[in-house]
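Report on the following structure.
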Amino acid sequence: MTAPALDLVVRNGQVVTAADVSRCDIGIRGGRIVTLGEGLPAAAREIDAAGRFVTPGGVDGHCHLDQPMEGPARMADDFWTGTRSAACGGTTTVIPFAAQARGQSLRAAVRDYHERAAGRAGVDYAFHLIVSDPSREVLDVELPELIAQGHTSFKIYMTYDDLKLDDGQILDVLAVARAHGAMPMIHAENADCIAWLTQRLESAGHVAPRFHAHSRPMLVEREASHRAIALAELVDVPILIVHVSGREAVEQIRWARARGLQVFSETCPQYLFLTAEDLGIDDAYTGARCVCSPPPRDRANQPVLWDALADGMFTVFSSDHAPFRYAGDDGKRPGGAEVAFHHIPNGIPGIETRLPLLFSEGVLAGRLTPQRFVELTATAPARAYGLHPRKGTIAVGADADLVIWDEREITIGNHMLHHAADYTPYEGMRLRAWPGCTLLRGEVVWDGAQCLATRGQGRFLDCGRPTLLPAARAPRPAAGLFAGLAQR
Ligand code: DUC
Ligand code: ZN
Ligand code: ZN
């Protein structure tokens, strides 16, 4: 019996997975990879990838799209503009956050977020949850139900007045994650230290954007990271510390991993390519464009993060895309005003530049192997959030989400990007590569020049359980201090 014809063959590329690089053809049918090999038969459509790297479509495990906010600030990107931008930068799966407002039911937050996404997404998407109000109903009913329904990861905050949980609340939600096999993501900064520093800076009249970095020094992140690790150890549950920015937090995570704790971590482009100087060396308000939390650090910090990316300390590399316009009155100038640093909406755009920055300055500059690039940007986030092996790899049975890389000189400019923000923090940066083609389930959504993604083309993905841990290291029922207490 002859096999049914292929819809598409991507021919002769240097095909990269988290494990290997091999020259082969990729045969695609019905939006999935159905065969890998040399000399595959001709198909209805063919793409010649000879001499070019082919990597899995990126999985951006941390981005914010159309997340409801208390006015006057509003995120620049909705599900269409954000995902169109993702596609043009090689990302085919995004995982933004269905955020619970205090007093709101978690289920209502998920329902609302589905409405925001429906018919708009141009790439596939899943939702993390943000838990800001862990009431009994949330802990005992809503969260377990939502995890069972495929929302197997959630973010909790140790800072921001409207989101932060105290240590007791963190222990409560970590215990739910442990009981139901979800992945907790933790924003680790010490809220009281930030408030104390902010009050003193403000009293001294230090309110320009650059003082944002002074209000959130590395110590603030280091302390909260250590505390998050200790709380997770008490409960005996894996955690993933998001947007790790400073070498002091890296030390804490290395220490935890050396103790055998299941502490995963993420860093983001802004900590590799920006410094605190981008918040302004004088009192110019333009530095507001790079205000994000945690803030970018000093230049000496950057090689420490590169080393941690290369040697396996970091698990995932995400954008933390949180776009606000600089012009107008609903972005970085809330109400049209130049406000004190602690009133500037936190976040920068980066969903489209995430992969090209890391491919160019990581792989092509010799800091990362192609395999490690794939692991950080696609395979590990897919595993962390229960989407692997459908997403995040090039394998028979996986969705045909692919990026074919063009190695060419390119200078980043906001005019070439597809988000709705009116700037990029990376304006003028010269890179050695850009995606020449992005395929989403076998369809070209970016051809190197034009966005071909369409509104509503993206599908919602239910997530399974995280599969980052080898089975032998998965949490066991009777381990850790928490289990000892539970048995009494
Ligand atoms: N910090 C966050 O915690 N989330 C969005 C953007 C930011 O800067
Ligand atoms: Zn955060
Ligand atoms: Zn974020």
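Counting starts at 1 for both ligands and their atoms, in listed order.
Heavy-atom proximity to Ala322, at under 4.0 Å, picks out these atoms of ligand 1: 5 (C), 6 (C). Distances below 4.0 Å separate heavy atoms of His243 from the following atoms of ligand 1: 3 (O). Every atom of ligand 1 with a heavy atom of Cys292 under 4.0 Å away is listed here by number and element: 8 (O). Of all atoms in ligand 1, numbered sequentially from 1 with element shown, those under 4.0 Å from a heavy atom of Gly347 are 6 (C), 8 (O).
With ring centers used as reference points, Tyr423 lies 6.0 Å or more from Phe324.
Screening Arg465, His180, Met183 against Thr152 for a side-chain contact (heavy atoms from CB on, under 4.5 Å) leaves a single residue, Arg465. A side-chain hydrogen bond (donor to acceptor under 3.5 Å, both in side chains) with His321 is found for exactly one of Asp77, Thr353, Thr91, namely Asp77. Of the candidates Lys155, Met185, His151, Met185 is the only one forming a side-chain contact (heavy atoms from CB on, under 4.5 Å) with His128.
At the top of the distance list for atom 5 (C) of ligand 1, counting protein heavy atoms only, stands His64 NE2, 3.5 Å. Scanning all protein heavy atoms for the shortest distance to atom 2 (C) of ligand 1 gives Tyr160 OH, 3.5 Å.
Here the CD-CZ distance, from Glu221 to Arg216, works out to 10.5 Å after rounding to the nearest 0.5 Å. To the nearest 0.5 angstrom, Leu231 atom CG is 8.0 Å from Ile239 atom CD1. Remark: Cys88 SG to His418 NE2 distance equals 4.0 Å, nearest 0.5 Å.
The atom of His64 that is an N, O or S and sits closest to the Zn ion (ligand 3) is NE2.
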Test log, rule side-chain hydrogen bond (donor to acceptor under 3.5 Å, both in side chains), inputs Arg354 and Thr377: CA-CA 9 Å; Arg354 173 184 74 120; Thr377 59; 5.2 Å; no
Step-by-step ring-ring contact (aromatic ring centres under 6.0 Å, His included) determination, Phe97 to His62: CA-CA 8 Å; Phe97 297 85; His62 184 161; 5.1 Å; yes
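Residue Lys155 places a heavy atom under 4.0 Å from ligand 1.
Protein N/O/S atoms found under 2.8 Å from the Zn ion (ligand 2): Lys155 NZ, His187 ND1, His243 NE2.
For the pair Arg120 and Trp80, the cation-pi test (distance below 6.0 Å, angle within 45°) is failed.
Looking at ligand 1, you won't find any N or O of His62 less than 3.5 Å from one of its N or O atoms. On a distance-only criterion, Ser293 and ligand 1 share at least one N/O pair closer than 3.5 Å.
Looking at Gln104, its side chain does come within 3.5 Å of a backbone N or O of Ala101 through a donor-acceptor pair. A donor-acceptor pair under 3.5 Å is absent between the side-chain atoms of Asn190 and the main chain of Ala224, judged by distance alone.
Backbone or side-chain N, O or S atoms of Cys63 do not reach the Zn ion (ligand 3) at under 2.8 Å.
Neither the backbone nor the side chain of Ile348 comes within 4.0 Å of ligand 1, counting heavy atoms alone.
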